[in-house]
Amino acid sequence: MAFIRVGPDDIDMATEIACLQSEPGEIGGIASFLGVVRGGEGHSAITAMTLEHYPAMTEAAIRRVAEEAEARWNLIGCRVIHRVGRIPVGGRIVLVLTAARHRQAALESTSFLIDWLKVGAPFWKQEHLISGKDHWVEAKSADDLAAQRWLVVAPPD
Amino acid sequence: MAFIRVGPDDIDMATEIACLQSEPGEIGGIASFLGVVRGGEGHSAITAMTLEHYPAMTEAAIRRVAEEAEARWNLIGCRVIHRVGRIPVGGRIVLVLTAARHRQAALESTSFLIDWLKVGAPFWKQEHLISGKDHWVEAKSADDLAAQRWLVVAPPD
Amino acid sequence: MKLLYFAWLRERIGLGEEEVTPPSSVVTVADLIAWLRLRGPGYVEALAETARVRCAVNQDFAKLDTIVRPGDEIAFFPPITGG
Amino acid sequence: MKLLYFAWLRERIGLGEEEVTPPSSVVTVADLIAWLRLRGPGYVEALAETARVRCAVNQDFAKLDTIVRPGDEIAFFPPITGG
């Protein structure tokens, strides 16, 4: 059963892995992706990032896709933790964790989920520049292309 | 600089991630693969696994390939921890951890490194069956094929 | 119907949420956007470029021709930047 | 030269490491295997199927026709099962 959490609390990787390992099943490999706030350089150097989301929609949307991944890759477990609110440079934003019998299922499903989160889950990032200005991050067309690798449909234009 | 450790000590993921994050550079994503001992079922149910290796060769071979991965995917950091000795069911065998500016570099290089470890680093696994018998794990041709995806050459026949 | 605004749309419109009762001539998301633009300069600024605006109707991603009905929850926001 | 045996080759031969001085007719890995098979049933059992035996000369993977020299460290082992 996919576990989803969206909220301001920091991500504790060790705890999440322990929870995943307590799932019944023959786990052979656990893959993960942890996204962190990049500081940027020069004019685009930032001190922190604020993540906004659409609460009524976020968890349900992530759960739907996480369950799709569980079925597609026959996962033993899957955890997606996405933070919202203000996160300083170097801070954790998102953790995707999947467990499977075999490594390829775990690695591919992790890749799939993070590619989807970039374009399919209603989050928006605002960067707080060192200059004091705030700046909403623009969506990247590269992210749409990455999601399309998995035949995931990005939200319609 | 790739960090490699081969030895009997357990793997502490949180510590390894903290070490990786202390590398200078603009880390945006950290990918990982953690391999654990699968219990098996029925006649092939096991209680533990023992990993043997070729000490004079292992670390040097892993370092060479980890540095190749760092260059190929422009990684900010890379840690490969491989345990040897007896490990119980559910225990951690191997951790591959990579950090990059962007998620795809981190995820792909992790996949590459674990695929290579399966066929290119001189480790051998012995399973300890519940029945009391010991059994050397046979190499899988699927692992050779996985390594070939990356144009990695498995040891010659 | 209940309208929600996120990210820079929220900032430009100046509120995150409101109840509206558009006339019966508002049938689709596109109609709703056109009607909202009449409500003031913040709305015009937020909804000027429909290419940069995304919409969800009752928590499902919607298109410009998606039908909107009284009682719906309709959210407007920029392209997603999650993960 | 120094020979190392790993995994089930070590078990069948009954030791993990030994120093040997093969005759000068032993030039390649294949020659060395043929000569080792004369040393007893454990060697025969371990080295019977060369398709299941891998070799490294001075910590580099080697083939049957790789040259071996006095002073080399030569390891025999099954196909790798790491990771």
Side-chain angles (χ1 to χ4, degrees), chain B residues 6 33-37 49-65 80-84 92-96 110-127 134-144 146-147 152-157, chain D residues 1-20 27-34 36 42-43 45-83:
Chain B
V6 178
F33 180 82
L34 179 69
V36 302
V37 179
M49 196 174 251
T50 296
L51 277 121
E52 184 170 329
H53 75 135
Y54 180 2
M57 192 171 166
T58 329
E59 276 204 34
I62 298 177
R63 180 171 309 283
R64 207 158 48 228
V65 175
V80 178
I81 324 285
H82 204 303
R83 291 177 71 195
V84 294
R92 291 169 272 263
I93 304 170
V94 61
L95 174 67
V96 173
T110 296
S111 220
F112 161 81
L113 284 165
I114 188 68
D115 280 351
W116 174 80
L117 283 167
K118 294 270 170 186
V119 301
F123 291 100
W124 301 278
K125 287 184 181 134
Q126 188 179 40
E127 291 177 339
D134 296 333
H135 158 83
W136 289 97
V137 175
E138 294 276 337
K140 294 196 208 84
S141 57
D143 286 333
D144 279 343
V152 169
V153 179
D157 289 332
Chain D
M1 57 187 65
K2 184 181 180 185
L3 302 186
L4 301 173
Y5 309 111
F6 293 101
W8 53 256
L9 275 92
R10 175 179 47 70
E11 291 179 342
R12 290 180 189 178
I13 289 169
L15 44 83
E17 179 172 338
E18 62 179 327
E19 274 292 326
V20 297
V27 176
T28 65
V29 168
D31 298 337
L32 180 61
I33 289 174
L36 285 167
Y43 292 88
E45 210 197 332
L47 300 167
E49 301 168 67
T50 47
R52 296 185 65 208
V53 173
R54 300 290 180 273
C55 179
V57 174
N58 298 326
Q59 297 96 45
D60 272 329
F61 292 114
K63 298 186 182 187
L64 286 172
D65 60 1
T66 300
I67 305 297
V68 296
R69 292 187 178 81
D72 282 352
E73 175 175 296
I74 298 160
F76 291 103
F77 43 79
I80 279 165
T81 56

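Side-chain atoms are counted along with the backbone in the values below, which use heavy atoms only and exclude waters and symmetry mates. Naming: A, B, ... by sequence-line order, numbering from 1 per chain.
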Taking the side chain as everything from C-beta on, heavy atoms only, tell me whether D:Phe77 gets closer than 4.5 Å to B:Glu52.
no
Highest number of heavy-atom pairs under 4.5 Å with chain B: which of D:Ala75, D:Pro78, D:Pro79?
D:Pro78
Interatomic spacing from CG in B:Asp134 to CD in D:Glu11 - rounded to 0.5 Å:
7.5 Å
Pick from B:Leu117, B:Thr50, B:Thr58, B:Asp143: which one has the most heavy-atom pairs with chain D under 4.5 Å?
B:Leu117
Hey, does the side chain of B:Lys125 reach the backbone of D:Gly82 with a donor-acceptor pair shorter than 3.5 angstrom?
yes
Can you classify the ring geometry of D:Phe6 versus B:Tyr54 as parallel (below 30°), tilted (30 to 60°) or perpendicular (above 60°)?
tilted
Is there a side-chain contact between D:Ile80 and B:Trp124, using heavy atoms and a 4.5 Å cut-off?
yes
Atom group of B:Ala56 that falls short of 4.5 Å from chain D, counting heavy atoms:
both
List the atom of D:Thr81, the atom of B:Val137, and the distance in Å for their closest heavy-atom pair.
CG2-O, 3.4 Å
Does the side chain of B:Met57 come within less than 4.5 Å of D:Glu73's, by heavy atoms?
no
Return yes if a side-chain donor-acceptor contact under 3.5 Å exists between B:Gln126 and D:Trp8, otherwise no.
no
